[in-house]
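For clarity, every value in this text was computed on a predicted model and none was experimentally measured. Side-chain atoms are counted along with the backbone in the values below, which use heavy atoms only and exclude waters and symmetry mates.
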Amino acid sequence: MLKEDWILKKNRKRLIPIIQTIRFCGRQQIAVRGNRDGGRIGLEEPEKNDGNFRSVLRYRANSGDNDLKDQLKNSGGRSMYTGSFIQNEIINTFGHLIQSQIVRNVRKSIFYSVLADEISDISQIEQFSLCVRYVEDQ
């Protein structure tokens with residue numbers, strides 16, 4: 001196996017618990033970030049709450065996910081894959097997947113409706129909402 005292939009495989013393996021944790025938070029409607037969620041994730045409980053995402057990762061690492069534990073202890077900077085940028089990338093990817101599935105379902109459906117509304121908030125920023133309802137043929 002080439003060194004590049006080994007690094008790629010290792011980095012993909014590192015992303016799995018990160019993606020699973022963000023997915024878990026999303027499915028349970030749990031906020032991902034807290035007030036103090038920057039920097040390295042330690043394995044010990046911090047004095048102040050550092051957010052649900054970091055807490056779940058810490059729990060997983062301390063409950064037997066030794067690869068994650070090693071990653072949190074020994075990785076530096078960007079190779080941890082736990083920063084807000086990568087979290088946003090993963091969340092956006094999930095959003096695109098969900099949206100694509102909804103579009104596929106609507107296209108298969110015989111009956112559907114679209115409701116759109118727009119309003120300006122107090123700071124004169126326009127807010128747009130879109131609702132799609134469809135009947136599954138099954």
Value rounded to 0.5 Å, distance of [atom1] in [X] from [atom2] in [Y]:
| X | Y | atom1 | atom2 | answer |
| --- | --- | --- | --- | --- |
| Met80 | Arg14 | CE | CZ | 9.0 Å |
| Ile41 | Thr82 | CD1 | OG1 | 4.0 Å |
| Gln71 | Lys10 | CD | NZ | 9.0 Å |
| Ile86 | Ile91 | CD1 | CD1 | 10.5 Å |
| Ile119 | Ser129 | CD1 | OG | 9.5 Å |
| Gln28 | Arg23 | CD | CZ | 10.0 Å |

Ignoring hydrogens and angles, tell me if any N or O in the side chain of Arg40 forms a donor-acceptor pair with the backbone of Ser75 under 3.5 Å.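 Confirmed, Arg40 side chain pairs with Ser75 backbone.
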Using modelled atom types and a 3.5 Å cut-off, is there a donor and acceptor pairing between side-chain atoms of Thr21 and backbone atoms of Pro17?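 Flag set: sc Thr21 to bb Pro17 pair under 3.5 Å.
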What pairs meet the salt bridge (charged side-chain N to carboxylate O under 4.0 Å, His left out) rule with one or both residues in residues 114-123, with sequence neighbours excluded?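 Counting only pairs at least two positions apart or across chains, no salt bridge (charged side-chain N to carboxylate O under 4.0 Å, His left out) contact touches residues 114-123.
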For residues 45-57, which residue pairs qualify under salt bridge (charged side-chain N to carboxylate O under 4.0 Å, His left out), counting only residues two or more places apart or in two chains?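 Qualifying pairs, neighbours excluded: Glu45-Arg58, Asp50-Arg54, Asp50-Arg58.
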Return the minimal non-hydrogen interatomic distance between Asn52 and Ala31, and the atom names on each side.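 Distance-wise, the nearest heavy atoms are ND2-O, 2.6 Å.
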Can you confirm whether Lys69 sits close enough to Asp65 that some side-chain heavy atom of one is under 4.5 Å from a side-chain heavy atom of the other?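 A side-chain contact is absent here, since even the closest heavy-atom pair is not under 4.5 Å.
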With sequence neighbours left out, what residues match [X] under side-chain contact (heavy atoms from CB on, under 4.5 Å)?
| X | value |
| --- | --- |
| Asp5 | Met1, Leu2 |
| Ile19 | Leu15, Ile90, Phe94 |
| Gln124 | Ser120 |
| Ile122 | none |

Begin from the C-alpha positions of Asp70 and Asn66 and carry the test side-chain contact (heavy atoms from CB on, under 4.5 Å) through to its verdict. CA-CA 6 Å; Asp70 179 59; Asn66 292 325; over 6 Å; no
So, using side-chain hydrogen bond (donor to acceptor under 3.5 Å, both in side chains) as the criterion, who are the partners of Asn88 when residues are at least two apart?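 In terms of side-chain hydrogen bond (donor to acceptor under 3.5 Å, both in side chains), with neighbours along the sequence ignored, Asn88 is linked to Arg33.
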Under the side-chain hydrogen bond (donor to acceptor under 3.5 Å, both in side chains) test, residues paired with Arg104 that sit two or more places apart: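 Counting only residues at least two positions away or on another chain, Arg104 forms a side-chain hydrogen bond (donor to acceptor under 3.5 Å, both in side chains) with Gln101.
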Under the salt bridge (Lys or Arg N to Asp or Glu O under 4.0 Å) test, which residues partner Asp67, sequence neighbours left out?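 Only Lys13 meet the salt bridge (Lys or Arg N to Asp or Glu O under 4.0 Å) criterion with Asp67.
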Are [X] and [Y] in one and the same hydrophobic cluster, where Ile, Leu, Val, Met, Phe, Trp and Tyr link if side-chain heavy atoms are under 4.5 Å apart?
| X | Y | answer |
| --- | --- | --- |
| Leu43 | Ile18 | yes |
| Phe24 | Tyr81 | no |
| Val56 | Leu68 | no |

CA sep, side-chain torsions, deciding dist, call: Asn105, Lys108, side-chain contact (heavy atoms from CB on, under 4.5 Å): CA-CA 5 Å; Asn105 290 348; Lys108 286 192 288 186; 4.1 Å; yes
Should side-chain heavy atoms under 4.5 Å link Ile, Leu, Val, Met, Phe, Trp and Tyr, which residues sit in the same cluster as Val114?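 Once heavy-atom contacts under 4.5 Å are chained together, Val114 belongs with Ile98, Ile102, Val106, Tyr112, Phe128, Leu130, Val132, Tyr134.
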